[in-house]
Amino acid sequence: MTNNQPSISSKDKIPFYRDERIIMIFAQVLSTVMIIGVLIWAIINFFKAAEARNMTLTFGFLKEAAGFPISNPPIDYEPGMSYIRAFQAGLINTLLISGIGIIAATIIGTLTALARLSSNWLLSRIALVFIEFHRNIPLLVLLFIWYFVVFGFVPPVKESLQWPGPIFVNKRGVYLTWPRLTETGGIFIILVVIGFLVSILAFTMLRGRRKITGKETYYIPTSLFLLMIFSLGGWFLSGGTPFQLDIPYLKGFNYQGGLRLTPEFAGMFLSLSLYTAAFIAEVVRGGIQAVDRGQLEAARAVGLSQFQVLSLVIMPQALRIIIPPMISQYLNLTKNSSLALAIGFQEVFAVGKIAINQAGRAVPIFALIMLTYLSLSLLTSFVLNIYNRRIQFVMR
Amino acid sequence: MTEEPIIYCKDVHKWYDDFHALRGIDMEVFLGEVIVIFGPSGSGKSTFIRTINRLEEHQQGQIMVDGIELSHDVRNIERIRMETGMVFQQFNLFPHLSVLQNVTLAPIWVRKWPKEKADKVAMELLELVGIPEQAQKFPGNLSGGQQQRVAIARALAMQPKIMLFDEPTSALDPEMIKEVLDTMTDLAESGMTMIVVTHEMGFARAVADRLYFFDEGLIVESGTPEEIYNNPQEERTKLFLSQIIQH
Ligand SMILES: Nc1ncnc2c1ncn2[C@@H]1O[C@H](COP(=O)(O)OP(=O)(O)OP(=O)(O)O)[C@@H](O)[C@H]1O
Ligand SMILES: [Mg+2]
């Protein structure tokens with residue numbers, strides 16, 4: 001045959017059930033109808049059930065006295081205060097443990113990833129064991145190990161362990177020496193903050209100038225110097241005593257002063273941040289390893305120094321891979337902090353749980369709890385996604 | 001010869017664990033020469049040119065580049081890398097930077113040029129390799145041939161005395177090979193010292209001053225293109241040439 005006409009002509013009219021445009025619209029409509037249907041059914045059912053059991057769905061009770069105690073509340077709280085106040089105390093505990101946990105997990109995780117990638121055999125093995133140990137046991141078990149096993153075997157107050165420097169560990173918790181601001185300390189803090197801002201400004205401007213003019217502007221030493229000058233200035237203005245070291249001391253049956261971390265907080269903090277650090281380590285390692293080896297070679301071949309290779313070529317590419325899974329690790333950590341219930345660290349979920357037992361208003365309280373975690377998660381991903389968008393955008 | 005060689009290799013050995021990848025390479029390259037290295041896969045061609053700018057470490061023997069000896073001295077390694085540009089088979093452009101930024105990155109951060117000067121020189125180089133209009137694009141949006149020409153511009157931006165090419169055309173479609181080879185020919189004619197690993201025998205015959213045939217980590221034979229093509233001395237060279245010239 002010399003005729004080259006395709007045998008299946010596109011001229012034929014497409015029957016509607018084979019038209020991909022129509023199929024797509026149909027699928028959209030069908031799924032929307034199904035979802036709305038299920039939602040309506042659930043909501044109707046919910047209100048029926050609530051009515052049948054006489055459940056109140058209002059939030060008015062929140063103003064009533066809570067009536068239960070919270071051990072070591074982070075803000076002033078007494079059982080006579082309202083449920084709202086109790087929730088606030090719980091929320092602050094959640095924020096504290098998640099905030100500090102995220103920072104610690106990021107630092108430990110990144111260092112572990114670098115150790116894992118290092119050519120030092122021993123370091124790499126230690127990192128591997130750390131990662132595998134923490135990834136392969138449930139968080140709850142880890143929490144119990146720290147709380148019941150480690151803090152369970154810590155000596156009583158009278159025989160406190162003393163760690164390098166005045167850090168005391170006993171059954172009642174960890175007592176850290178803590179620098180407390182003196183009356184003039186505020187000036188120092190203000191000047192340090194100003195110094196920090198000024199040095200960041202100087203760093204960006206001088207680094208920019210260095211890039212545009214090519215003249216060495218010593219942007220790293222200059223900005224460090226500025227920070228030091230401001231800090232020293234603050235130090236002198238505050239009369240040389242911006243801080244007073246608050247050293248824990250034994251008084252009667254207990255330690256006084258210093259910063260006390262309760263065994264609950266310490267156990268929660270350690271298990272949560274170590275557990276998440278193991279996952280973050282894998283995320284960071286994966287990100288760095290996903291950057292093609294050729295990038296490293298090309299960067300070296302044009303003469304970049306080891307530090308420049310990392311900061312100008314490898315990290316910018318690795319970060320794009322690292323940030324999205326890192327966000328989910330942060331969200332996981334925040335949500336996992338609700339496990340604190342198991343050891344009696346009273347964050348928002350634990351407070352809510354007691355409130356349910358006491359006030360019996362399961363629905364509004366659970367709604368409140370879910371709303372709290374949802375807002376925390378959305379806030380975290382919102383902030384990080386702005387950063388993510390900024391670095392991803394540069395590629396194209 | 002009275003002149004000093006710009007690259008001097010004496011009895012260079014390299015092991016990957018137990019595997020003896022380079023088994024004593026001697027080579028002298030003089031300013032302005034174009035050297036072509038060819039040989040079967042796994043013969044150590046890449047390994048050898050990568051030892052010259054220390055992407056691979058050699059374990060025995062001596063390598064001197066422009067009078068600087070390659071050793072564990074970090075300063076020497078940095079200086080040698082500033083004098084050698086390298087072009088890879090897979091281009092290895094930085095995907096997060098624009099074409100222009102790819103070319104100016106090292107001049108700005110290593111040579112510490114002002115951005116304006118770096119931009120100006122980069123644009124001249126992009127002109128030279130024939131793609132100034134692509135300066136603001138990102139590497140992912142260029143064809144293979146264009147990417148490889150950016151890679152050449154990037155290497156040239158550091159104003160190296162020596163250019164190393166590791167199979168620069170073997171990842172390219174046939175119609176793009178010519179544009180890259182033309183750029184390389186121009187470069188050779190401008191007097192650049194070049195070491196090129198390639199199986200493009202037309203290019204080798206037209207441009208190379210000397211050819212080296214590698215096999216199993218050794219130089220089997222070397223000579224001018226005429227000597228190698230018309231009168232190869234070694235059986236292995238003859239066999240290999242007949243295989244690659246067939247098609
Ligand atoms: N990083 C490495 N680790 C172990 N062995 C290696 C490594 N790099 C190369 N080799 C081995 O060294 C030998 C020489 O490799 P090289 O890449 O230099 O060959 P080549 O001549 O460039 O080959 P090709 O034409 O395929 O690129 C090969 O047998 C290869 O398997
Ligand atoms: Mg090779």
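Reminder, nothing fancy here: chain letters follow the sequence lines and each chain counts from 1.
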Indicate yes or no for a side-chain donor-acceptor contact from B:H96 to the backbone of A:L312 under 3.5 Å, with no hydrogens or angles considered. yes

For the backbone of B:N53 and the side chain of A:R300, can you confirm whether one donor and one acceptor N or O come within less than 3.5 Å of each other?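 Here the side-chain-to-backbone pair does not exist.
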
Taking [atom1] in [X] as the centre, count heavy atoms belonging to other residues, nucleotides or ligands within less than 6.0 Å. Is the count above 12?
X	atom1	value
B:K120	NZ	no
A:R209	CZ	no
A:F307	CZ	no
A:E20	CD	no
A:F130	CZ	yes

Heavy-atom proximity to chain A below 4.5 Å, by part of [X]:
X	result
B:F88	side chain
B:L93	backbone
B:W109	both
B:L55	side chain
B:R54	neither

Between [X] and [Y], is any pair of side-chain heavy atoms under 4.5 Å apart?
X	Y	value
A:V302	B:V110	no
A:Q308	B:L105	no
A:Q306	B:V74	no

Between A:Q295 and chain B, with a heavy-atom cut-off of 4.5 Å, which part of the residue counts as in contact: side chain, backbone, both or neither?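 For A:Q295, heavy atoms of backbone and side chain both lie under 4.5 Å from chain B.
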
Spatial distance of atom CD (A:E297) from atom CZ (B:R50) [nearest 0.5 Å]: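 Taking CD in A:E297 and CZ in B:R50, the distance rounds to 4.0 Å.
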
Quick check for you: to the nearest 0.5 Å, what is the distance between B:F94 atom CZ and A:I314 atom CD1?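 With rounding to 0.5 Å, CZ (B:F94) is 8.5 Å from CD1 (A:I314).
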
Count the heavy-atom pairs under 4.5 Å between each of B:E116, B:K117, B:R154 and chain A, then report the option with the highest count. B:R154

Of the non-hydrogen atoms in B:E78 and A:S305, which two are nearest, and what is the gap between them?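 Shortest heavy-atom contact: OE2-CB, 4.5 Å.
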
Heavy atoms of A:A301 and B:M86 approach each other most closely as CB-CB, 4.0 Å

